[in-house]
Amino acid sequence: MLQGKTALVTGSTSGIGLGVALSLARQGAHVVLNGFGDAEGPQAQVRAAGHAHAIKVGYHGADMSQPAQIEAMMAYAAGEFGAVDILVNNAGIQHVANVEDFPAAKWDAIIAINLSSAFHTTRLVIPSMRARNWGRVVNIASVHGLVASAGKSAYVAAKHGIVGLTKAVALETATTGITVNAICPGWVLTPLVQKQIDDRAAREGIAVADAEREMLSEKQPSLQFTTPQQLGELTVFLCSDAAASIKGQAWAADGGWTAQ
């Protein structure tokens with residue numbers, strides 16, 4: 001379905017980003033990965049997922065808190081793949097503390113990586129999408145782009161900002177063949193969330209499985225994690241022709257969290 005298209009997915013060497021990259025590859029999209037840590041393993045996984053379509057896979061290790069490195073990544077993608085047709089802004093970090101105890105440096109880092117990076121990638125990709133009159137921008141926001149939780153002021157502010165950015169750019173491109181939407185997952189068992197579960201287990205002196213159950217029962221009525229694969233398939237749908245009139249939406253995939 002996406003053969004001949006090129007997708008760039010930030011923060012895609014693990015977790016949600018990798019799940020999205022795998023789903024796009026299965027549909028025939030060439031993929032540019034980005035992230036820290038092991039890059040060879042994820043590239044091999046994505047290449048295997050798109051094997052039937054002989055897709056091309058690239059990688060750029062840009063630090064998403066650094067605008068100059070983001071510009072270099074976008075130039076790499078354009079140079080190696082011709083153009084970026086699908087942009088998935090997924091990179092994110094987390095820190096949990098009450099606002100009066102929140103380190104200013106952590107606030108700045110979260111805003112830079114979780115929000116400002118999406119501004120930079122988007123501003124750099126929109127001109128070529130306009131020129132081709134086709135493009136898909138999918139911002140991986142969070143249920144915390146719609147509601148708040150205590151202890152997560154920076155993350156909640158950044159994710160609410162992502163939802164606002166999504167709406168504004170969707171309006172700016174509304175008459176074109178570009179769509180801009182956000183996906184708002186609830187709990188997804190990523191390394192980021194696993195750390196919160198482990199921290200809770202250590203803090204409360206309980207088993208990890210019990211900490212996991214506690215976390216889900218507090219917020220997510222389904223009592224099940226949303227999976228990276230489900231979010232990947234939702235991204236594929238938002239990239240399809242069937243979703244051409246879906247613009248500026250914040251799509252909750254949260255097991256009922258925001259229905260409460």
Side-chain angles (χ1 to χ4, degrees), residues 6-22 24 31-43 46 57-81 84-96 102-126 128-129 135-142 144-145 152-166 168-169 180-185 188 190-193 195 228 231-232 235:
T6 294
L8 187 153
V9 186
T10 68
S12 51
T13 49
S14 68
I16 293 171
L18 181 55
V20 169
L22 291 168
L24 293 170
V31 178
V32 180
L33 296 171
N34 155 262
F36 296 137
D38 170 42
E40 293 300 321
Q43 285 183 83
V46 173
V57 179
Y59 168 78
H60 195 284
D63 179 341
M64 298 306 290
S65 70
Q66 302 297 318
Q69 292 190 35
I70 294 171
E71 290 190 12
M73 178 182 68
M74 301 307 287
Y76 159 81
E80 291 292 315
F81 292 80
V84 173
D85 303 289
I86 297 163
L87 170 64
V88 182
N89 289 307
N90 170 74
I93 59 171
Q94 175 65 287
H95 183 77
V96 180
F102 213 97
K106 289 286 189 185
W107 171 278
D108 290 343
I110 288 171
I111 297 300
I113 293 171
N114 295 30
L115 176 56
S116 296
S117 70
F119 159 72
H120 290 298
T121 55
T122 301
R123 72 177 175 82
L124 293 165
V125 83
I126 288 294
S128 64
M129 289 182 173
R136 296 289 186 266
V137 179
V138 180
N139 295 319
I140 307 298
S142 167
H144 285 119
K152 299 184 178 181
S153 55
Y155 190 83
V156 170
K159 294 302 188 178
H160 271 68
I162 280 281
V163 170
L165 176 66
T166 298
V169 181
V180 186
N181 292 289
I183 295 174
C184 299
V188 183
T190 63
L192 202 68
V193 170
K195 182 181 184 304
L231 298 172
T235 301

(request) Write out all pairs satisfying side-chain hydrogen bond (donor to acceptor under 3.5 Å, both in side chains) with one or both partners inside residues 8-20, taking only residues at least two apart or from two chains. (result)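 For residues 8-20: none.
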
(message) Could you check whether any side-chain heavy atom of T166 comes within less than 4.5 Å of a side-chain heavy atom of V180, counting everything from C-beta outward?
(response)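 Yes; the side chains approach each other to less than 4.5 Å.
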
(message) So L8 and M74, do their side chains get closer than 4.5 Å, heavy atoms only?
(response)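 Touching, per the 4.5 Å side-chain cut-off.
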
(request) Any chance you could measure H144, atom NE2, to S153, atom OG, to the nearest 0.5 Å? (result)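 One gets 11.5 Å once the value is rounded to the nearest 0.5 Å.
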
(request) Look up atom CG in L115 and atom CG in L165, then write down how far apart they are to the nearest 0.5 Å. (result)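 With rounding to 0.5 Å, CG (L115) is 7.0 Å from CG (L165).
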
(message) E71 and side chain to side chain donor-acceptor pair (under 3.5 Å): which single residue from R123, H120, Q66 fits?
(response)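 For E71, the side chain to side chain donor-acceptor pair (under 3.5 Å) test succeeds with only one of R123, H120, Q66, which is R123.
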
Contacts of type side-chain contact (heavy atoms from CB on, under 4.5 Å), residue [X], not counting sequence neighbours:
| X | result |
| --- | --- |
| A154 | F102, W107, I110 |
| A39 | Q43, Y59 |
| D108 | none |
| L22 | L18, R26, Q45, V46, A49 |

(request) Carefully, step by step, assess V32 and V84 under the rule side chain to side chain contact (heavy atoms under 4.5 Å, CB included). (result) CA-CA 9 Å; V32 180; V84 173; 5.8 Å; no

(request) Could you tell me which residues satisfy ring pair (Phe, Tyr, Trp, His ring centres under 6.0 Å) with H60, sequence neighbours excluded, listed by chain and number? (result)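 Scan of H60 (ring pair (Phe, Tyr, Trp, His ring centres under 6.0 Å), adjacent residues dropped) gives Y76.
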
